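Worksheet for the structure shown next.
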Number of protein chains: 2
Amino acid sequence: METQTRDADATRARILDAATRLFIEHGFAAVSMRRLAEASDVTKSLIHHHFGNKEQLWEEVKETAFQTYARKQQEMLETAEQSDAELLVSSVRAYFSFLRENPGVVRLFAWTHLEEDQTCGRSDRDLVALGARRIREAQEQGLLRADVNPTHVVTLFVNACTHWFEARSHHSEWEGIGTDDEYLEDFIRILMEGLTPRKD
Amino acid sequence: METQTRDADATRARILDAATRLFIEHGFAAVSMRRLAEASDVTKSLIHHHFGNKEQLWEEVKETAFQTYARKQQEMLETAEQSDAELLVSSVRAYFSFLRENPGVVRLFAWTHLEEDQTCGRSDRDLVALGARRIREAQEQGLLRADVNPTHVVTLFVNACTHWFEARSHHSEWEGIGTDDEYLEDFIRILMEGLTPRKD
DNA sequence: AATTTAATTGACCGGTCGGCCAGTTAATGG
DNA sequence: CCATTAACTGGCCGACCGGTCAATTAAATT
C-alpha cells in the first residue's frame, strides 16, 4: 500500500489537476494533449485511457471545479442565519474574498461564458435562489426596499464582484482607480444606501 | 475603376472583417489561417502578405475594434453636456444599449481580459476619466454623495452592464431573473438611490 | 509600349495535432 | 501459481497547423 507503483485514482487526480491548471490558464483550444501529458507526467495514451478524449476531459474539469465552487459557497452560506441587511453585506464581502483568493474560478467562468456553456449556470442556481429568498424576507420585514427584484440584487452583486477581478488588467489603466478593498467598500456603500428604505 | 479585379484596400477590409467575426466567435487559438482564408475568400498566402502573421492579424483586429468602440462612446458622451444626476442615468442607459446592440464588443473584451492584454484598458481610459470628472462635479454641487470614489462609480456601472451580457447564458438559468430592461431599471434604481444624498 | 510594382496564387515545408492500437507490466483474486 | 483485469507505454496514423517561396497576373508608372 505504501510504495505502490500503480494508483489509478492518484494518476487520474494528477491528470485532472494539471488539466484544470492549464485549461484555466490558456483555454481549451490552446492546450494540447501532449502538453497535458507532460504536465501531469504520464503518457498521452493514458489520458485517453482515463478520460476518453480532450472534450470529455474539459467537461470533467469544469464539472468538478463547479462542484467544488458550489460546495464552498454552500458552506459559506450555511453558517449565516439571520436575514437582515447585515447578512447581505457579509455575503458580498465573503463572495468578494472568495473570488480574490480563487482567481481560477473567475477565469473558468469566463471561458465557459465565451463558449455559451449553460451547465455552469445550474451549479449556483440553488445558491442564488436561496440568496434571493433571504433578500425577499428582509424586504417583507421592511428592512430592504421592496421595489427591486431580489434575484437582480444577487445578480448585481455577483456582476460587480466577478467583473472587477475579470477585468483587472483593464481597470488598472484607469486613473483614480483604487485597491480591491476600496472598490469593495464603495460598492457596499452604494448598494446598501440604495437598498435601505428612506425615511424622508 | 468600376470593374476592378484587384483592390488591395477592399481585400484587406474583407480579411479584417472575417477575422474579427471568427476571432470574436471562437477565440484566437481556435481559428486557423485556412479557415480565415476560406471565410474571406482569399488564399492563406494573401493574408500573410497583408498582415504578416496570425498574431499581427489578431492585434490589428483588436486595435481597430477598440478604436471603433472608443469613437462611438466618445460620440455618445459628447452630446451630453450637463453634469447632474440625470446625466449619470442616461449614460448608464446608453452604455447598456450599446452593449446589447454590440455583443461582439463584450466578447472581444472578454477574450482580451483572459489573455491579460492591457492595451484594451487604454482604449477607454480617457472616457472613464471624463465620466469620473463629471461625477466629481456633481458631487461638488451636492447632487451626488461625496464619500465614494468617482472612478469606482464608473467602474461599478461598467461592471454591472458588461457582466450582465457576458454571463447571460449563466444567469438565464437562475429563477426569478428578469429581462434586460427589468435588470437595467433595478440597477439604476439601486445605483441612483445609493448615490443620492439623504435628507434624514 | 515597356518596365516596375504589388496583389495574388498554389505548391510545399517541417512540425504538431488528437486519436488509435497492439503490446507490456503490475495488481487482483480464484 | 496462474489467469484475468486494468493501468500504462511507445509507436504510428492521417489531418491539419502556421509559414515560406517562386511564379503568375494585373495595375501603375514611365
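Throughout, a chain's letter reflects where its sequence line sits, starting with A, and its residues are numbered from 1. Here the structure is a predicted model, which means the values were calculated and not measured.
You'll find a donor-acceptor pair under 3.5 Å spanning the side chain of A/Arg6 and the base of C/dT25, going by distance alone.
Under the side chain to side chain donor-acceptor pair (under 3.5 Å) criterion, the residue pairs touching residues 99-115 of chain A are A/Trp58-A/Glu115, A/Lys62-A/Glu115, A/Arg100-A/Asp181, A/Arg107-B/Glu116, A/His113-B/His170, with sequence neighbours excluded.
Classified by interplanar angle (parallel below 30°, tilted 30° to 60°, perpendicular above 60°), the ring pair B/Phe96/B/Tyr183 is tilted. Note: B/Phe28 and B/Phe23 have tilted aromatic rings, judged against thresholds of 30 and 60 degrees for the angle between ring planes.
Atoms NE2 (B/His26) and C1' (D/dC17) sit 17 Å apart, rounded to a whole Å. What separates CE of B/Met33 from C1' of D/dG18 is a distance of 7 Å, to the nearest Å. For the pair A/Asp9 CG and D/dC8 C1', the interatomic distance rounds to 15 Å; values are reported in whole Å. When rounded to the nearest whole Å, the span between CD of B/Gln56 and P of D/dT20 equals 10 Å. The interatomic distance linking B/Phe51 (CZ) with C/dT8 (C1') rounds to 14 Å, in whole Å. Taking atom NE2 of residue B/His48 and atom P of nucleotide C/dG10, one finds them 16 Å apart after rounding to whole Å. Regarding B/Ile15, its CD1 atom lies at a distance of 10 Å from the C1' atom of C/dA7, rounded to whole Å. Atom P of nucleotide C/dA6 and atom CG of B/Asp7 are separated by 16 Å, given to the nearest angstrom.
A sub-4.0 Å separation between OP1 or OP2 of D/dA27 and a side-chain N or O of B/Thr5 is present. The side chain of A/His50 contributes an N or O atom lying less than 4.0 Å from OP1 or OP2 of D/dC8. The shortest distance between the side-chain N/O atoms of B/His49 and the OP1/OP2 oxygens of C/dT8 is not below 4.0 Å.
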Check: residues 66-74 of chain A side-chain donor-acceptor pairs under 3.5 Å, at least two apart:
| unit_1 | atom_1 | unit_2 | atom_2 | d |
| --- | --- | --- | --- | --- |
| A/Thr68 | OG1 | A/Thr64 | O | 2.9 |
| A/Tyr69 | OH | A/Asp124 | OD2 | 3.4 |

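Salt bridge annotation for B/Glu60-B/Arg12: present, with a cationic side-chain nitrogen under 4.0 angstrom from a carboxylate oxygen.
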- Apply side-chain contact (heavy atoms from CB on, under 4.5 Å) to A/Lys54 and A/His48, showing your working. CA-CA 8 Å; A/Lys54 198 187 170 188; A/His48 282 102; over 6 Å; no

- Please step through salt bridge (Lys or Arg N to Asp or Glu O under 4.0 Å) for the pair A/Arg93 and A/Glu185, ending with a clear verdict. CA-CA 9 Å; A/Arg93 282 191 212 282; A/Glu185 292 311 316; 2.5 Å; yes

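Using a 4.0 Å cutoff on non-hydrogen atoms, the parts of residues 34-47 of chain B near DNA chain D are B/Arg34, B/Lys44, B/Ser45, ordered by number.
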